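Comments concern the structure below.
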Amino acid sequence: MDLLTRIKGPRDLDRLSLGELDQLAEEIRTFLVDAVSKTGGHLGPNLGVVELTIALHRVFESPKDKVLWDTGHQAYVHKLLTGRQDFSRLKSKGGLSGYPSRAESDHDIIENSHASGVLGWADGMAKANEVLKKDDHVVAVIGDGALTGGMAWEALNNIAAAKDRPLVIVVNDNERSYAPTIGGLANHLATLRTTDGYERFLARGKDILERTPVVGRPLYETLHGAKKGLKDFIAPQGMFEDLGLKYVGPIDGHDVEALESALQRAKRFGGPVIVHCLTEKGRGYTPALEDEADRFHAVGKIHPDTGLPISTSGLDWTSVFGEEMLKLGQEREDIVAITAAMLQPVGLGKFEEAFPDRIYDVGIAEQHGAVSAAGLATGGLHPVFAVYATFLNRAFDQVLMDVALHKCGVTFVLDRAGITGTDGASHNGMWDMSILQCVPTLRIAAPRDADQVRAQLREAVAVDDAPTVVRFSKGAVGPAVQAVGKAGGMDILRKPKAARPDVLIVSVGALAPMCLEIADLLDAQGISSTVVDPRWVKPVDEALAPLAERHRVVVTVEDNSRAGGVGSAVAQALRDAGVDVPLRDFGIPPVFLDHASRGEVMTDIGLTAPDIARQVTGLVAKLDGRFESRAVEPARD
């Protein structure tokens with residue numbers, strides 16, 4: 001690591017020869033495999049952008065020039081070249097974020113980890129430079145997968161409107177997002193990959209013609225003037241140029257010299273330019289290259305030599321969903337599945353193997369996925385759209401106005417709901433139960449264990465006249481939590497010992513074991529409690545209000561934002577029913593949470609059994625004190 005340890009900032013790259021840059025690239029790959037195998041993280045994408053990142057920082061002067069990444073998980077090399085080489089606590093509390101972070105460095109301009117937004121950022125920054133008459137350069141690096149998103153094309157439409165506004169768009173084309181990139185754009189890029197580039201053809205022609213006496217130069221100029229038609233014939237990049245965007249490429253994304261040449265040309269152009277770079281996800285690491293599913297897009301802790309996981313955490317929520325989806329597909333021919341470029345991460349791999357004609361990968365386009373689902377439902381099918389909880393935020397309008405308004409039977413399965421932790425603020429699935437509360441007719445299921453995932457998924461796909469949502473956590477599923485009774489459609493998980501119990505604990509989803517622990521801690525303080533799992537948290541079960549009326553205090557515990565979440569819905573339901581019982585809601589505060597493990601985040605925000613039990617004990621004590629003071633208060637005339 002002789003060269004890498006000498007890189008304290010981007011300008012240290014300037015004095016390195018091409019041979020030394022190749023050596024540096026190999027050192028970086030060795031570092032990444034060693035470091036990420038110890039912590040987990042996004043390995044494959046970063047192995048693919050080593051030379052590209054080196055070239056970017058050689059040509060542009062960050063942070064004066066703004067280098068923006070979409071998505072930010074491919075910025076590990078950028079971190080290394082901007083002075084951040086301690087990866088020992090990557091994605092852990094107090095360590096480096098797995099994405100760009102303004103708190104870490106002035107070189108990190110935007111903290112983006114949701115795809116397809118970078119071109120909008122770049123458009124705005126380029127416009128700001130124009131208004132303020134700055135000579136800074138704006139460079140947006142976007143993957144071919146992220147380029148499938150609708151926001152990217154909205155931005156391109158605006159970027160192309162200003163022919164003389166400098167902006168460099170680097171398309172990192174590795175044929176993949178998580179999985180192989182699909183769709184019309186992917187087919188177009190594939191065509192560009194497999195044909196000789198116009199620039200190389202023209203360069204060869206120029207060499208020959210300039211050596212031809214008299215007619216050589218005029219003939220070259222004529223040839224250059226006809227470049228639009230010639231380009232379409234040799235390499236059909238006309239799609240970009242029809243938008244008004246200068247196109248350079250395709251460029252070997254692992255040739256630093258070629259990359260620098262292309263980027264320098266783009267930098268000098270004075271208008272919007274696309275530099276199309278071909279890279280190899282997982283480059284230089286055999287286990288990643290042999291992983292056809294996603295080229296080690298994201299890994300846990302692995303053996304660096306073999307790429308095999310160091311340990312397994314048992315059955316996980318995603319796998320339970322995937323197995324049940326396969327069974328449903330075998331039982332019902334009308335069940336189809338949708339994914340937004342995340343077939344394997346959301347557990348649809350086995351469904352795709354069994355029913356390749358009944359699964360649709362829409363690319364990184366959640367809005368389109370939701371509307372397409374409405375169309376599938378209207379056409380007589382029942383679509384199941386599996387997506388990370390945090391990514392459904394992007395399709396709220398479509399869920400509201402296309403799916404719900406049209407009474408479409410669509411099931412949204414939200415993976416990684418609640419606190420996910422190590423991926424930071426943008427990946428916590430902490431908003432879905434809040435933003436979906438206002439959608440008429442929509443129903444939300446929050447399974448507490450694997451058995452309930454299976455049962456409630458089946459209940460959800462049985463609904464054909466309204467949207468349904470099934471949300472579950474990230475990681476391993478705990479043991480089954482058995483019900484000991486029923487109240488309406490709710491499961492009672494613990495019955496009180498006292499005839500007039502003190503506290504009704506409303507447990508949401510995977511927090512059921514915690515709520516039972518809270519009940520045990522309260523019992524030790526002489527406070528009796530009932531624990532109930534609503535199963536379907538929207539709408540609020542009609543049996544909840546009369547049950548609450550038989551208790552002195554209601555407590556809700558949810559893995560979602562407290563603002564507008566289940567606690568708020570329960571409070572409103574009690575008010576509507578005329579039940580005047582004090583309610584305390586526990587959940588995630590409305591803040592952006594720093595990256596850390598799930599347990600550390602929950603401890604930091606007080607969402608643990610001891611913290612909640614302590615506060616509930618204090619609340620009950622206050623009620624007791626109030627009742628005692630009333631008892632001794634003198635009568636008034």
Side-chain angles (χ1 to χ4, degrees), residues 39-42 63 66 68-76 78-79 84 89-118 120-121 124-125 146 149 151 298 364 366 387-396 414-438 471 473-475 508-511 556-568 585-608 611-612:
T39 63
H42 289 93
K66 307 299 187 288
L68 316 176
W69 299 88
D70 189 338
T71 62
H73 63 237
Q74 61 183 324
Y76 290 9
H78 164 78
K79 288 176 185 267
R84 289 167 280 174
R89 303 186 68 193
L90 176 69
K91 299 178 65 177
S92 295
K93 187 176 183 179
L96 289 179
S97 167
Y99 295 91
S101 168
R102 290 178 173 181
E104 287 180 8
S105 173
D106 291 340
H107 295 278
D108 292 2
I109 311 302
I110 56 175
E111 302 187 2
N112 61 317
S113 49
H114 285 197
S116 308
V118 73
W121 277 95
M125 289 183 185
M151 287 191 298
I364 302 178
E366 291 83 2
V387 60
Y388 283 11
T390 183
F391 295 152
L392 188 69
N393 300 352
R394 309 170 71 157
F396 171 74
L414 306 189
D415 202 318
R416 273 74 162 176
I419 294 171
T420 56
T422 55
D423 280 326
S426 65
H427 273 56
N428 290 309
M430 55 181 276
W431 294 282
D432 57 286
M433 290 196 293
S434 296
I435 64 175
L436 295 175
Q437 283 291 341
C438 64
R471 70 173 327 249
S473 297
K474 177 183 180 180
V508 177
L511 299 186
T556 62
V557 186
E558 62 188 295
D559 197 2
N560 183 80
S561 174
R562 292 179 61 224
V566 175
S568 297
D585 58 317
F586 293 92
I588 305 171
V591 298
F592 293 112
L593 303 171
D594 290 335
H595 66 275
S597 70
R598 174 178 165 87
E600 288 170 330
V601 172
M602 294 179 78
T603 297
D604 288 345
I605 64 175
L607 195 59
T608 67
D611 286 322
I612 295 172

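Predicted model, so just to flag it, every value in this text is computed and none were measured. The basis for the numbers below is simple: all heavy atoms, side chains too, and nothing from hydrogens, waters or symmetry mates.
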Salt bridge (charged side-chain N to carboxylate O under 4.0 Å, His left out) involving E366 - partner list, sequence neighbours excluded: R394
D585: side chain to side chain contact (heavy atoms under 4.5 Å, CB included) partners, not counting sequence neighbours: T556, R562, L583
Closest approach of Y99 to G72 (non-hydrogen atoms, all atoms of both residues): CD2-C, 3.6 Å
Test log, rule side-chain contact (heavy atoms from CB on, under 4.5 Å), inputs I110 and M125: CA-CA 11 Å; I110 56 175; M125 289 183 185; 4.0 Å; yes
Gap separating the CG atom of L607 from the CD1 atom of I612, nearest 0.5 angstrom: 5.0 Å
Under the salt bridge (charged side-chain N to carboxylate O under 4.0 Å, His left out) test, residues paired with D559 that sit two or more places apart: R598
Separation of S473 OG from L414 CG (nearest 0.5 Å): 11.5 Å
Qualifying residues under salt bridge (charged side-chain N to carboxylate O under 4.0 Å, His left out), relative to R84, sequence neighbours excluded: E104, D108
K79 side chain vs S105 backbone, donor-acceptor pair below 3.5 Å: no
Plane angle bin for H107 and H78 - parallel if under 30°, tilted between 30 and 60°, otherwise perpendicular: perpendicular
Nearest-0.5 Å distance that lies between atom CG in L68 and atom CH2 in W121: 8.5 Å
Partners meeting ring pair (Phe, Tyr, Trp, His ring centres under 6.0 Å) with H595 (sequence neighbours left out): none
From CE (M602) to CD1 (I419), nearest 0.5 Å: 5.0 Å
Which residues share a salt bridge (charged side-chain N to carboxylate O under 4.0 Å, His left out) with D594, sequence neighbours left out: none
S597 backbone acceptor or donor facing T422 side chain under 3.5 Å: no
Pairwise distance CH2(W431) to CD1(I588) - rounded to 0.5 angstrom: 8.5 Å
NZ/NE/NH1/NH2 to OD/OE distance under 4.0 Å, D415 and K474: no
Any donor-acceptor pair under 3.5 Å from N560 side chain to M433 backbone: yes
Expected output: side-chain Y76 to main-chain H42 donor-acceptor under 3.5 Å: yes
